[in-house]
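First the proteins, then the strands, lettered A, B, ... as listed; each starts at 1. These numbers come from the heavy atoms of this one structure, side chains and all, not from hydrogens, waters or symmetry mates.
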Amino acid sequence: MISVEEEAERLSRGAVDVLPVGELCQRVAQARARGRPLRVKFGADPSAPDLHLGHAVVLRKLAEFQEHGHEVVFLIGDFTGMIGDPTGKSETRPALTREQVGENARSYREQVFRILDRERTVVRFNSEWMEAMRAADVIGLGAQMTVARMVERDDFARRLAEGRPIGIHEFLYPLVQGYDSVALEADVEVGGTDQRFNLLVGRDLQKAWGQPQQVVLTMPLLEGTDGKQKMSKSLGNAIGVTDEPDTIFGRTMSIPDPLVARWAALLGFEAVIGKPGDLGPMEAKKGLAEALASWLCGAEAASQARIRFERRFQNREAFEPELREIPVTEDLTLVRMLVQLGFATSGAEARRLIAQGAVRIGEERAAEPGQAFRAGEEILLSVGRRRLARVRLILSIQPLDDSKRGR
RNA sequence: GCAGGAGUGCCCGAGUUGGUCAAUGGGAGCAGACUGUAAAUCUGCCGGCGUAAGCCUUCAGAGGUUCAAAUCCUCUCUCCUGCACCA
């Protein structure tokens with residue numbers, strides 16, 4: 001077994017802060033002395049079950065705790081989620097129903113266990129204790145915090161300075177989140193650096209409740225594939241943990257070169273890319289891409305993805321595209337086909353793509369938006385370099401179009 | 001509550017002496033050239049329907065004036081700023 005110091009050092013590696021410094025070591029020692037693992041809390045928003053590599057940075061850290069025998073509490077903030085959104089960024093979200101929360105929780109489990117160890121993870125919901133709270137309890141919670149301190153939070157400070165509104169209920173969020181730590185008696189809480197304040201509130205509340213205060217460990221926020229903004233599904237610069245190996249590989253290949261080292265470091269693949277200069281930038285990136293695909297989808301799938309990528313995009317070899325079947329009752333124009341395949345979001349866009357020479361049928365550039373295809377035909381259709389399919393038109397007896405039904 | 005200001009396309013943001021506005025510009029995005037599905041650069045596109053001509057729907061919402069409105073009038077909603085409230 002490694003020493004306590006060694007374990008604490010490994011667990012804090014890559015973190016932006018470990019607060020308070022040095023306490024993690026004590027907690028590890030304590031845990032060993034008592035023969036029980038540390039309880040490591042991670043809070044998740046119940047409304048966004050699409051986990052991406054940004055979340056993976058934190059999840060990987062949690063997995064490391066598990067590798068050292070500790071227990072992760074995956075807390076789904078269903079209660080907070082039912083009230084609305086605290087960031088002020090988006091409008092108040094519609095309250096989630098119990099069914100939606102359950103559905104999201106299932107989806108979370110599915111995604112999270114690609115990274116976390118099922119055996120060492122407990123999933124909890126904060127409605128378990130928050131629903132039982134009465135107004136007096138909530139006010140009591142509020143009494144643990146001052147406005148001055150609350151306003152220190154970057155987000156609030158900024159909005160205050162800019163004269164943008166802050167809802168009172170937003171002050172409650174960090175408190176509720178912090179109280180979760182009390183309810184769970186968390187030893188450690190891990191989150192992104194954007195959560196630093198909230199995680200620290202957990203410490204304050206635990207102190208107020210006479211509990212040992214959790215160690216707060218924050219991880220850096222990962223930039224998205226654009227290399228500029230933090231990874232986020234809504235910005236379209238994310239790679240999801242459940243994405244296909246080809247997608248993971250391809251999207252990783254599309255990140256800016258300078259980002260490779262950072263991704264590798266945050267996601268724990270420094271070894272694959274080696275030292276700067278060991279491999280060319282492209283080789284290093286391929287190594288990272290394969291490592292990520294392998295991590296999330298398995299080694300075999302990853303190496304296949306790499307081979308396909310190299311053939312398809314680097315050697316420009318012909319490859320077998322996905323077969324897409326479209327049921328038709330009458331001839332289908334090229335424009336309609338592009339829309340049906342999802343290669344264009346509207347007919348107008350399809351026309352633009354055609355006009356710009358992006359659409360190919362076989363090897364030929366398509367020029368006629370109105371070109372029609374009939375049932376039984378099979379063509380190789382591509383748009384740009386990324387969208388390609390073998391399309392087969394199947395004769396359908398029943399009209400599938402609702403607008404044509406029952407008139 | 002009172003007074004003042006503002007609400008434009010994915011985002012930011014021009015435009016308000018009414019027409020030439022589907023609406024300047026930037027960002028994002030998409031496509032073409034180049035390339036390593038990188039970066040940088042150049043070019044084009046970037047509301048919808050349509051082979052096309054053309055048509056339709058947009059400038060917070062609802063009405064109105066007008067041959068014609070993002071631009072004028074009325075009402076409503078939302079946000080911001082100040083005052084007041086907090087005795």
Side-chain angles (χ1 to χ4, degrees), chain A residues 88-92 147 158-168 170 223-239 243-264 273 276 279-290 292-293 305-317 319 321 330-361 364-373 381-388 401 403:
Chain A
K89 217 167 101 183
S90 49
E91 298 303 311
T92 305
V147 169
R158 198 174 317 117
R159 284 203 271 159
L160 216 50
E162 291 171 8
R164 279 156 48 215
I166 299 172
I168 296 291
E170 297 187 60
E223 289 79 7
T225 52
D226 56 11
K228 291 169 192 157
Q229 293 176 280
K230 74 173 185 181
M231 186 174 285
S232 137
K233 185 128 202 282
S234 56
L235 292 172
N237 61 1
I239 294 178
D243 280 345
E244 294 299 315
D246 284 349
T247 307
I248 294 171
F249 197 98
R251 287 186 65 83
T252 303
M253 288 307 289
S254 78
I255 67 174
D257 289 352
L259 198 59
V260 172
R262 180 163 167 85
W263 272 36
I273 63 161
L279 302 168
M282 187 178 63
E283 276 308 314
K285 201 189 281 183
K286 277 190 194 173
L288 174 66
E290 184 169 351
L292 289 173
R306 179 185 186 128
I307 290 167
R308 273 194 297 274
F309 178 87
E310 288 171 347
R311 283 199 189 142
R312 181 169 172 180
F313 297 109
Q314 300 195 308
N315 301 336
R316 305 267 169 135
E317 282 176 29
F319 63 99
E330 56 195 341
D331 290 359
L332 189 65
T333 65
L334 181 54
V335 168
R336 302 305 323 155
M337 190 186 294
L338 289 169
V339 174
Q340 286 218 359
L341 289 167
F343 284 1
T345 53
S346 68
E349 184 182 292
R351 273 184 206 91
R352 275 179 231 127
L353 290 167
I354 294 167
Q356 295 185 117
V359 179
R360 286 168 194 273
I361 297 170
E364 297 294 309
R365 279 196 180 178
E368 263 317 304
Q371 184 174 356
F373 300 88
L381 187 68
S382 70
V383 176
R385 286 173 298 177
R386 306 177 195 216
R387 288 161 276 183
L388 182 135
D401 191 339
S403 63

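Here the P atom of nucleotide rA39(B) and the CE atom of M282(A) are 14 Å apart, to the nearest Å. Whole-Å rounding puts the L353(A) CG to rG48(B) P distance at 11 Å. Rounded to an integer number of Å, the gap from CZ of R387(A) to C1' of rG32(B) is 13 Å. Rounded to whole angstrom, the span from the CG atom of D226(A) across to the P atom of rA39(B) amounts to 10 Å. Note: CD1 (I354(A)) to C1' (rC45(B)) measures 14 Å, nearest angstrom. Per the geometry, CE belonging to M253(A) stands 12 Å off P belonging to rA39(B), to the nearest Å. To the nearest angstrom, P of rG50(B) lies 11 Å from CG of L332(A). Atom CD in E349(A) sits about 19 Å away from atom P in rG9(B), given to the nearest Å.
Closest to the side chain of D257(A), out of rU37(B), rC30(B), rG36(B), is rG36(B). Residue S346(A) places its side chain closer to rG48(B) than to any other of rG48(B), rU35(B), rA33(B). Side-chain atoms of P256(A) lie closest to rA38(B) of the nucleotides rG48(B), rG36(B), rA38(B).
We find the CZ-CD1 distance between R251(A) and I239(A) to be 6.0 Å, quoted to the nearest 0.5 Å. The CG atom of D331(A) sits 11.5 Å away from atom CD of Q371(A), with the distance rounded to the nearest 0.5 Å. To the nearest 0.5 Å, atom CD of residue E290(A) and atom CE of residue M253(A) are 11.0 Å apart. If you take CD on Q340(A) and OG1 on T333(A), they are separated by 9.0 Å, rounding to the nearest 0.5 Å. Between the CG atom in L353(A) and the CZ atom in F343(A) there is a gap of 11.0 Å [rounded to 0.5 Å].
Taking atom P on both rC21(B) and rA70(B), the two are 12 Å apart, rounded to the nearest angstrom. rU57(B) sits 14 Å from rA23(B) when the C1' atoms are compared, rounded to a whole Å. Rounded to whole Å, the C1' atom of rA84(B) lies 38 Å from the corresponding atom of rU65(B). Straight-line distance between the C1' atoms of rU74(B) and rU66(B): roughly 16 Å, to the nearest whole Å. Here, rC45(B) and rC10(B) have their C1' atoms 16 Å apart, quoted to the whole Å. Across the C1' atoms, rG25(B) and rG15(B) are found 11 Å apart, a figure rounded to whole Å. Taking the C1' atoms as reference points, rC83(B) lies 36 Å from rA69(B), given to the whole Å. If you take atom P in rG44(B) and the same atom in rG26(B), they sit 11 Å apart, rounded to whole Å.
Not one side-chain nitrogen or oxygen of R251(A) sits closer than 4.0 Å to the OP1 or OP2 atom of rU37(B). Dashed line: the shortest gap from a side-chain N or O of R365(A) to OP1 or OP2 of rG32(B) is not under 4.0 Å. Contact between the side-chain N/O atoms of R336(A) and the OP1/OP2 oxygens of rG50(B) is found at a separation under 4.0 Å. Remark: R385(A) is not in phosphate contact with rU35(B), judged by side-chain N or O atoms under 4.0 Å from OP1 or OP2.
Residue K286(A) is classed as having no contact, given no heavy-atom separation below 4.0 Å to the nucleic acid. Residue-level contact check: G250(A) touches the bases, meaning some heavy atom is under 4.0 Å from a base atom. No contact: L259(A) has no heavy atom under 4.0 Å from any strand.
Salt bridge status for E310(A) with R306(A): present, with a side-chain N to carboxylate O gap under 4.0 Å.
The nearest heavy atom of RNA chain B to G384(A) and to D246(A) marks one nucleotide each, and the one closer to the 5' end goes with G384(A). When the nearest nucleotides of RNA chain B are assigned to R351(A) and V383(A) by heavy-atom distance, the more 5′-ward of the two goes with V383(A).
Contact check for I307(A) versus F249(A): no side-chain heavy atoms found under the 4.5 Å cut-off.
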Inset, instruction - Take K285(A) and I255(A) through the side chain to side chain contact (heavy atoms under 4.5 Å, CB included) test and state the conclusion after the steps. - result: CA-CA 9 Å; K285(A) 201 189 281 183; I255(A) 67 174; 4.2 Å; yes
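Of the nucleotides present, rG19(B) is the one that pairs with rC67(B) by Watson-Crick or G-U wobble criteria, both distances under 3.5 Å. Base pairing of rC30(B): its partner is rG44(B), meeting the Watson-Crick or G-U wobble criterion (both donor-acceptor distances under 3.5 Å). The pairing partner recorded for rG1(B) is rC83(B), the criterion being a Watson-Crick or G-U wobble arrangement whose two distances lie under 3.5 angstrom. If you check rC77(B) for Watson-Crick or wobble pairing at under 3.5 angstrom, you find it paired to rG7(B).
For a distance-only test at 3.5 Å, the side chain of R352(A) fails to qualify as a donor-acceptor partner of the base of rG44(B). Side chain Q356(A) to base rG32(B): no donor-acceptor pair is found below 3.5 Å.
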